[in-house]
Amino acid sequence: MYSLWKRLFNKDASSDLNKRIQDIKKNAVPFHIAIIMDGNGRWAKKRALPRVAGHHEGMKVVRRITRLANKLGIGTLTVYAFSTENWKRPKSEVEFLMKLPEEFLGSFLPELVSENVKVEMIGDKSYLPPHTIRAVETAMEKTKHNTGLILNFALNYGSRSEILGAVKKIIDDKKSGLLNGDITEEDFSSYLMTGNLQDPDLLIRTSGEIRLSNFMLWQLAYSEFWFTDVLWPDFKEEDLLEAVEVYQKRSRRFGGV
Ligand code: FPP
């Protein structure tokens, strides 16, 4: 009896979800969604589990949210998986986090390939362990011709160092004559690691923290922000839908009236 009830209930929940997916205005979805996936440690602590259990659960959420983003016709999904400041964490936690791209892509890559998802990465590769880079570069290579959702990993990413790097490169290019004349905002954007991407339309941060933590400081200038108390490992398809629904009700004026 219980299992019958559960089956019926789950069916209701999934048809509710499908209805909400259908009701999303597909011609007005945020083209680029960026997510600061926060709260993994607290999720684990609440369950008396090691912090890394929260990261592992968080990885599974990335999979589900990628599928939904692709279904909704989102253009780019950037996930902040490791910041330049995260090296301050205990060595064992850092090592665990560095193995997650391999685990994630090891099982999910065939689906990404067949579902037309293109994997990209922003961040400083020079400090990442070879096994992490290999996993991401293999995925980038195997999905480079895909034309659907871009799943963009921010790995060892820090916005200030990205901006500084852009400034240094601009100075070099000016000196060598590669860059002439005035520098526009578009020129500057093209020197960032996100040079080939549109700026995010929607920023999501989970776990109740209301700050940017050195994430896409230039690119988020005109993005809509959506914060939720939900911890990242608890983040469900319904939460992404809510964020998109709220976004669709906002009026974006970009400084105009
Ligand atoms: C912040 O939560 C989270 C991170 C620093 C890591 C985020 C990584 C994942 C969600 C997995 C990445 C998945 C792939 C596919 C590479 P926190 O640890 O700071 O949480 P807390 O504030 O509760 O301690």
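Counting starts at 1 for both ligands and their atoms, following the listed order.
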Mind checking whether Trp232 contacts ligand 1 via backbone (N, CA, C, O), side chain (CB onward), both or neither, at a 4.0 Å heavy-atom cut-off?
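Side chain only.
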Using a 4.0 Å heavy-atom cut-off, which part of Asn86 comes near ligand 1: side chain, backbone, both, or neither?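 Contact part for Asn86 vs ligand 1: side chain (C-beta onward).
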Contact check, [X] vs ligand 1, heavy-atom distance below 4.0 Å:
X      : result
Arg51  : yes
Arg89  : yes
Ser207 : no
Phe153 : yes

| said: Tell me whether the rings of Tyr157 and Tyr80 are parallel (<30°), tilted (30 to 60°) or perpendicular (>60°). | reply: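 Tyr157 vs Tyr80 ring planes: perpendicular.
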(message) Classify the ring geometry of Trp232 against Phe235: parallel below 30°, tilted from 30° to 60°, perpendicular beyond 60°.
(response)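 Trp232 and Phe235: parallel rings.
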Please determine which of Lys26, Arg20, Lys25, Lys19 meets the side-chain hydrogen bond (donor to acceptor under 3.5 Å, both in side chains) test together with Asp23.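 Running side-chain hydrogen bond (donor to acceptor under 3.5 Å, both in side chains) over Lys26, Arg20, Lys25, Lys19 with Asp23 returns exactly one hit, Lys19.
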| message | Checking the N or O distance criterion of under 3.5 Å, is ligand 1 in contact with Asn40? | response |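 Checking ligand 1 against Asn40, an N or O pair does fall under 3.5 Å apart.
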Taking distance alone, with no angle check, do Asp38 and ligand 1 share an N/O pair under 3.5 Å?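 In this structure, Asp38 places an N or O atom under 3.5 Å from an N or O of ligand 1.
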Check this for me: does any side-chain nitrogen of one of Glu95 and Lys99 sit under 4.0 Å from a carboxylate oxygen of the other?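 Judged by the 4.0 Å cut-off on N to carboxylate O distance, Glu95 and Lys99 do not form a salt bridge.
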Run the numbers for me: atoms of ligand 1, each under 4.0 Å from some heavy atom of [X], listed by number.
X      : answer
Leu100 : 11 (C)
Ala81  : 6 (C), 7 (C), 8 (C)
Gly41  : 17 (P), 18 (O), 20 (O), 21 (P), 23 (O), 24 (O)

Note to self: Distance check, rounded to the nearest 0.5 Å: Glu242 atom CD versus Lys236 atom NZ?
What the structure shows: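 Answer rounded to 0.5 Å: 13.5 Å.
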| task | Just jot down the salt bridge (Lys or Arg N to Asp or Glu O under 4.0 Å) partners of Lys125, sequence neighbours excluded, or say none. | result |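 Partners of Lys125 under the salt bridge (Lys or Arg N to Asp or Glu O under 4.0 Å) test: Glu137.
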